[in-house]
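Beneath this line is the structure, given in structure tokens, with notes to follow.
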Amino acid sequence: MTATRSRSARLHIVGAGGLGRETLDAAFACGHRPSGLVLVDDHVSLTELHGVPVRRPEESADGWYVVAVADPAVRRSLSERMLGRGLIPSVVVHPTATVAHDVSVAGGCIVLANTYVATGSHVAAHTQVQYNATVGHDSVLHDYVTVLPGANVAGRVVLHGDVTVGSNACVLPGLVIGAGTYIGAGAVVTGNLPARRVAKGVPARMHPPAGGKV
Ligand SMILES: CC(C)(COP(=O)(O)OP(=O)(O)OC[C@H]1O[C@@H](n2cnc3c(N)ncnc32)[C@H](O)[C@@H]1OP(=O)(O)O)[C@@H](O)C(=O)NCCC(=O)NCCS
């Protein structure tokens, strides 16, 4: 599942916060060694973590990357910075993730431990399926979608770009969620949702405007 890399090119994990460290752990579990990894962050004072060097974005060049930041707008901005420096999107899929044989996982995606992505699904670029989350059969996750820990996206669901599904939320089968919409933790989504709204509760109700906290 991980994209092919030349021997010298290193995998850059962009973001050294909690999700960055979870992604680093997934990379170790995949067999990456510290010498093949770089953490990238604008804001940390660390120079090294678990033997992996920590660099600033402007010091990154020649390699592969994933952006380990949950906010889709920040993720997009950092991804564009990495692309601008000539890096190529890669994929990190934890070895305990179950991704069906016919699922396509595009560049930039992060799939953490104990996830399940069912047959016929498509996971588009820079999407994240975080630990213990599930995605049912024939679902489509567009670019920069974030499925937070423990969330359950049922079968035949379409999550348009930049959608976030909060921890332990549930999206019922066949629903379509508009771009940029944020589903709160623990929500049960029982109907289609338009773009750029916040929905929370059981059953989920919309609360404009869009926004939210991770
Ligand atoms: C739904 C969410 C985006 C709302 O954020 P917000 O608009 O900033 O909400 P606030 O914190 O200002 O709370 C506003 C109200 O909504 C309620 N609320 C907040 N989140 C809620 C949720 N998930 N379900 C139900 N009610 C919620 C608050 O209790 C508060 O109610 P009150 O007005 O009666 O006091 C956010 O709370 C959330 O659920 N984020 C998901 C975070 C997540 O899953 N993180 C995982 C990290 S690993």
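Counting convention: from 1, in listed order, for ligands and their atoms alike. A quick note: this is a predicted structure, and the numbers were derived from the prediction, not measured.
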Below 4.0 angstrom from a heavy atom of Gly166, which ligand 1 atoms are there? Numbered from 1 as shown, please. 44 (O)
When you measure from the side chain of Thr181 to the backbone N and O of Pro194, does any donor-acceptor pair fall under 3.5 Å? yes
Side chain or backbone, does Gln130 bring an N or O within less than 3.5 Å of an N or O on ligand 1? no
Of Lys200, His207, Glu22, the one whose closest heavy atom lies nearest atom 18 (N) of ligand 1 is Lys200
I'd like to check which ligand 1 atoms, numbered from 1 as shown, lie under 4.0 Å from a non-hydrogen atom of Leu148. 43 (C), 44 (O), 45 (N), 46 (C)
Quiz: residues 156-163 side-chain donor-acceptor pairs under 3.5 angstrom, not counting sequence neighbours:
| unit_1 | atom_1 | unit_2 | atom_2 | d |
| --- | --- | --- | --- | --- |
| Asp162 | OD1 | Arg76 | NH1 | 3.3 |
| Asp162 | OD1 | Arg76 | NH2 | 3.1 |
| Asp162 | OD2 | Arg76 | NH1 | 2.9 |

Might you confirm whether atom OH of Tyr131 has over 12 heavy atoms from other residues, nucleotides or ligands at distances under 6.0 Å? no
Hey, looking at atom 23 (N) of ligand 1, which of Ala185, Gly201, Ser167, Ala204 has the closest heavy atom? Ala185
Any idea which atoms of ligand 1 are less than 4.0 Å away from a heavy-atom of Pro149? 48 (S)
So, does His12 use its side chain to make a donor-acceptor pair with the main chain of Arg10 at under 3.5 Å? yes
Asp41 and Arg56: salt bridge (charged side-chain N to carboxylate O under 4.0 Å, His left out), yes or no, with the steps? CA-CA 5 Å; Asp41 205 295; Arg56 297 178 63 79; over 6 Å; no
